[in-house]
Amino acid sequence: MPSLRHYHTFAIDAQAKSIVEITALEQFSPAWAAAKAEDQPVLLLGEGSNVLFVQDFNGTLLVNRLTGIEHKQDNDFHYLHVAGGENWHKLVQWSLQQGIQGLENLALIPGCAGSAPVQNIGAYGVEFKDVCDYVDVLDLAQNQVFRLSVADCGFGYRHSVFKQQYAKGFVVVAVGLKLAKNWQPVLKYGSLANLDVNRVTAQQIFDEVCAVRQAKLPDPKQTGNAGSFFKNPVVTARQFQDLQAEYPTIPHYPQADGFVKLAAGWLIDQAGLKGYQIGGAMVHQQQALVLVNTGNATSSDVVELAHHIRQAVAAKFDVYLSPEVRFIGENGEVNADNVIS
Ligand code: FAD
Ligand code: EPU
């Protein structure tokens with residue numbers, strides 16, 4: 001069975017029955033049909049930066065390696081049509097080199113362009129939905145591509161239709177981005193607020209985002225990880241008021257619907273878990289929301305650590321953390337909440 005070590009960023013030793021790298025759209029459906037004919041589960045993967053293999057995968061992995069970027073424009077907008085296998089960060093760099101602004105806050109997010117809509121990637125005040133025009137989806141059983149407008153994608157915080165009705169049997173083969181020529185910098189998050197809104201360039205925002213990320217987040221090429229392991233929890237206004245009364249400095253982000261988002265990294269940090277280790281899995285010292293593989297972590301180490309964190313945070317704050325990372329078992333995705341509870 002081929003090893004998955006180079007197909008995901010947690011660097012956990014797991015295997016798949018077979019791995020097929022897809023470089024042309026017309027290869028997808030036959031590869032999918034061949035696996036189905038053998039009754040094998042199929043899993044789509046980009047760069048594997050948001051997955052944890054909790055078991056060996058007993059099926060076929062289809063790895064998206066479709067490439068190509070098309071650029072059009074009118075008086076008001078740049079339009080990019082980006083094949084799903086393009087690396088997201090390289091796209092951000094390339095767009096800035098072309099003088100196209102608007103992707104700079106999303107610099108250094110690992111993974112493929114085709115994975116970006118799946119969890120509606122977001123960072124430093126911008127989400128994929130803010131730059132998305134459309135998403136092209138291949139129906140593997142029908143071997144037909146259809147287009148979803150941004151409104152049809154059901155984008156929310158780390159959420160989209162690609163985690164629901166299009167989670168199985170569908171591939172994001174390309175994304176369409178729409179970027180305004182009348183560029184407005186987004187400086188609402190963290191240290192970006194120190195930049196001068198009237199003079200700042202997109203390149204300066206890109207540089208600041210890269211610097212902050214490099215200071216906090218481990219480079220998967222050196223240390224196995226999958227970014228934020230948990231989602232930031234959203235609580236009711238009432239629960240937030242109780243927490244704030246006890247912890248006046250608690251970071252919080254009010255949501256449009258009256259709910260309040262909390263910072264999971266702060267909760268884990270306050271629970272005293274930075275640097276906490278089980279086997280080869282450890283809570284990252286610079287950012288407690290990230291779990292790292294110190295070298296020889298097994299998936300059980302990571303699962304046990306995640307379980308411990310969830311229990312400790314719930315005991316202290318009565319808030320249950322839910323994984324952002326997608327857990328993959330022998331037959332495909334498994335419910336991550338169940339695995340760590
Ligand atoms: P994969 O891990 O390969 O796949 C993720 C999921 O999408 C899987 O369920 C997979 O089956 C599915 N999938 C993959 N490709 C397709 C496709 N073409 N069609 C349909 N389904 C598909 N995320 C953020 O939102 N913001 C951040 O700031 C951020 N920072 C990170 C920092 C680090 C150091 C790391 C390691 C991760 C970070 N992440 C962040 C998470 C990750 O980068 C994103 O989720 C990214 O979009 C995953 O891309 P990928 O190609 O690696 O997806
Ligand atoms: N904090 C601590 N201790 C920690 C970590 C964080 O006190 O160990 C505090 C920070 O001081 C800050 C707050 O918690 O007040 C939030 O921290 P940070 O700004 O680092 O962001 P985050 O909420 O931990 C989220 C995303 C990241 C994204 C950043 C920047 C989620 C789950 N994570 O992290 O996305 O890059 O904001 O926008 O929403 C990812 O999804 O993989 C990811 C890395």
Side-chain angles (χ1 to χ4, degrees), residues 7-10 22 28 42-52 61-66 83-89 105-128 135-138 140 157-158 160 162-163 166-175 188-192 209 212-233 249-253 261-271 273-275 283-290 292 321-328 332-333:
Y7 288 91
H8 71 121
T9 61
F10 235 124
I22 303 287
F28 262 121
V42 173
L43 179 75
L44 280 152
L45 217 58
E47 295 182 9
S49 64
N50 210 31
V51 290
L52 174 70
L61 212 72
L62 300 183
V63 186
N64 190 345
R65 294 286 179 259
L66 303 179
E86 287 284 347
N87 175 270
W88 178 263
H89 178 66
N105 295 57
L106 299 175
L108 268 193
I109 300 181
C112 292
S115 316
V118 174
Q119 73 157 8
N120 180 27
I121 56 169
Y124 300 94
V126 176
E127 288 185 328
F128 179 78
V135 176
D136 282 352
V137 184
L138 171 66
L140 288 159
Y157 168 61
R158 299 296 188 262
S160 76
F162 309 106
K163 284 184 163 187
Y166 298 123
K168 277 192 175 170
F170 298 90
V171 193
V172 174
V173 288
V175 297
K188 56 191 173 196
Y189 196 99
S191 62
L192 295 183
V209 167
V212 174
R213 294 183 67 99
Q214 279 162 343
K216 284 191 199 176
L217 297 168
D219 177 356
K221 288 197 187 89
Q222 281 152 24
T223 310
N225 78 95
S228 298
F229 194 87
F230 299 96
K231 286 184 270 208
N232 283 332
T249 61
I250 186 169
H252 57 283
Y253 314 94
K261 195 194 276 178
L262 305 176
W266 186 88
L267 300 174
I268 299 168
D269 195 353
Q270 293 296 308
L273 291 172
K274 257 187 185 165
V283 179
H284 189 48
Q285 291 281 7
Q286 281 72 37
Q287 225 297 6
L289 192 45
V290 177
V292 295
L321 297 180
S322 195
E324 174 190 298
V325 172
R326 317 282 294 271
F327 285 23
I328 312 299
E333 185 165 17

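Just follow the structure's listing: the first ligand is 1, and inside any ligand the first atom is 1. The first residue of the sequence shown is numbered 1, and numbering continues consecutively from there. None of the values given here were measured: they were computed from a predicted structure.
- R158 and E324 are joined by a salt bridge, as a carboxylate oxygen and a charged side-chain nitrogen come within less than 4.0 angstrom of each other.
- Scanning all heavy atoms of the two residues, the minimum distance from S49 to T9 falls at CA-OG1, 3.3 Å.
- Taken from CG in N225 to CG in D219, the straight-line distance is 8.5 Å, to the nearest 0.5 Å.
- In this structure, Q270 does not count as a contact residue of ligand 2, since none of its heavy atoms falls inside 4.0 Å of the ligand.
- Protein heavy atom at the shortest distance from atom 41 (O) of ligand 2 is E324 OE1, 2.8 Å.
- Listed here is the closest heavy atom pair of E47 and G111: OE1-N, 3.4 Å.
- By the definition of a contact as any protein heavy atom under 4.0 Å away, atom 11 (O) of ligand 2 is not in contact.
- When P323, S49, G265 are checked for heavy-atom proximity to atom 4 (C) of ligand 2, G265 turns out nearest.
- Considering all non-hydrogen atoms of both residues, L273 and V283 come closest at O-CB, 3.2 Å.
- Among protein heavy atoms, atom 25 (C) of ligand 2 sits closest to N232 ND2, 4.1 Å.
- Regarding atom 33 (N) of ligand 2, its nearest protein heavy-atom neighbour is S228 OG, 3.0 Å.
- Of the protein's non-hydrogen atoms, Y253 OH, 3.3 Å is the one closest to atom 16 (C) of ligand 2.
- The heavy atom nearest to atom 26 (C) of ligand 2, considering only R158, Q119, K231, is found in R158.
- Within ligand 2, counting atoms from 1 as listed, the ones closer than 4.0 Å to a heavy atom of A288 are 4 (C), 5 (C), 8 (O).
- Here the heavy atom of the protein found nearest to atom 19 (O) of ligand 2 is Y189 OH, 2.6 Å.
- Applying the 4.0 Å criterion to heavy atoms of A123 picks out, from ligand 2, the atoms 36 (O), 38 (O).
- Nearest to atom 36 (O) of ligand 2 among the protein's heavy atoms is R213 NH1, 3.4 Å.
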Quick check on ligand 1: any N or O pairs to the protein under 3.5 Å? One line per pair.
{"residue": "ligand 1", "atom": "2 (O)", "partner": "S49", "partner atom": "N", "Å": "3.0"}
{"residue": "ligand 1", "atom": "2 (O)", "partner": "N50", "partner atom": "N", "Å": "2.9"}
{"residue": "ligand 1", "atom": "3 (O)", "partner": "G46", "partner atom": "N", "Å": "2.7"}
{"residue": "ligand 1", "atom": "3 (O)", "partner": "E47", "partner atom": "N", "Å": "3.4"}
{"residue": "ligand 1", "atom": "3 (O)", "partner": "G48", "partner atom": "N", "Å": "2.8"}
{"residue": "ligand 1", "atom": "9 (O)", "partner": "R326", "partner atom": "NH1", "Å": "3.4"}
{"residue": "ligand 1", "atom": "11 (O)", "partner": "L44", "partner atom": "O", "Å": "2.7"}
{"residue": "ligand 1", "atom": "15 (N)", "partner": "S115", "partner atom": "OG", "Å": "3.4"}
{"residue": "ligand 1", "atom": "18 (N)", "partner": "N64", "partner atom": "ND2", "Å": "3.3"}
{"residue": "ligand 1", "atom": "18 (N)", "partner": "V172", "partner atom": "O", "Å": "3.0"}
{"residue": "ligand 1", "atom": "19 (N)", "partner": "V172", "partner atom": "N", "Å": "2.8"}
{"residue": "ligand 1", "atom": "23 (N)", "partner": "Q119", "partner atom": "NE2", "Å": "3.1"}
{"residue": "ligand 1", "atom": "25 (O)", "partner": "Q119", "partner atom": "NE2", "Å": "3.1"}
{"residue": "ligand 1", "atom": "25 (O)", "partner": "G122", "partner atom": "N", "Å": "3.1"}
{"residue": "ligand 1", "atom": "26 (N)", "partner": "G122", "partner atom": "O", "Å": "2.8"}
{"residue": "ligand 1", "atom": "28 (O)", "partner": "R213", "partner atom": "NH1", "Å": "2.9"}
{"residue": "ligand 1", "atom": "28 (O)", "partner": "R213", "partner atom": "NH2", "Å": "3.3"}
{"residue": "ligand 1", "atom": "30 (N)", "partner": "R213", "partner atom": "NH2", "Å": "2.8"}
{"residue": "ligand 1", "atom": "43 (O)", "partner": "S49", "partner atom": "OG", "Å": "3.2"}
{"residue": "ligand 1", "atom": "43 (O)", "partner": "P110", "partner atom": "O", "Å": "2.8"}
{"residue": "ligand 1", "atom": "45 (O)", "partner": "N50", "partner atom": "ND2", "Å": "3.3"}
{"residue": "ligand 1", "atom": "45 (O)", "partner": "Q119", "partner atom": "NE2", "Å": "3.0"}
{"residue": "ligand 1", "atom": "51 (O)", "partner": "E47", "partner atom": "N", "Å": "2.9"}
{"residue": "ligand 1", "atom": "51 (O)", "partner": "C112", "partner atom": "N", "Å": "2.9"}
{"residue": "ligand 1", "atom": "51 (O)", "partner": "S115", "partner atom": "OG", "Å": "2.7"}
{"residue": "ligand 1", "atom": "52 (O)", "partner": "E47", "partner atom": "N", "Å": "3.3"}
{"residue": "ligand 1", "atom": "52 (O)", "partner": "G48", "partner atom": "N", "Å": "3.1"}
{"residue": "ligand 1", "atom": "52 (O)", "partner": "S49", "partner atom": "N", "Å": "2.7"}
{"residue": "ligand 1", "atom": "52 (O)", "partner": "S49", "partner atom": "OG", "Å": "2.6"}
{"residue": "ligand 1", "atom": "53 (O)", "partner": "S115", "partner atom": "OG", "Å": "3.3"}

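- Among residues two or more places apart in sequence or in another chain, the side chain to side chain contact (heavy atoms under 4.5 Å, CB included) test is passed with L217 by R213, Q287, V290.
- Protein heavy atom at the shortest distance from atom 9 (C) of ligand 2 is W266 CB, 3.9 Å.
- Nearest protein heavy-atom contact of atom 5 (C) of ligand 2 is Q287 OE1, 3.5 Å.
- Per-residue contacts place G227 under 4.0 angstrom from the following atoms of ligand 2 (heavy atoms of the residue considered): 42 (O).
- Note that K261 lies in the cation-pi zone of Y157, set by a 6.0 Å cut-off to the ring centre and a 45° limit from the axis.
- Of all atoms in ligand 2, listed by their number and element, those nearer than 4.0 Å to a heavy atom of L289 are 24 (O), 32 (C).
- Listed for the D269 side chain is no donor-acceptor partner under 3.5 Å among the backbone atoms of A271.
- Residue-ligand proximity: H284 is placed with every non-hydrogen atom at 4.0 Å or more from ligand 2.
- Of the heavy atoms in Y157, only side-chain atoms (C-beta onward) come closer than 4.0 Å to ligand 2.
- Contacts between A263 and ligand 2, counted as non-hydrogen atom pairs separated by less than 4.0 Å, involve the side chain only.
- Ring pair Y189/Y253 is parallel by interplanar angle, where below 30° counts as parallel and above 60° as perpendicular.
- Counting heavy atoms closer than 4.0 Å to ligand 2, residue P251 contributes side-chain atoms (C-beta onward) but none from N, CA, C or O.
- G84 approaches C112 most closely through the heavy-atom pair O-CB, 3.2 Å.
- With ligand atoms numbered from 1 in the order given, ligand 2 contributes 32 (C) to contacts under 4.0 Å with heavy atoms of F230.
- Counting heavy atoms under 4.0 Å from ligand 2, residue Q286 does not touch it at all.
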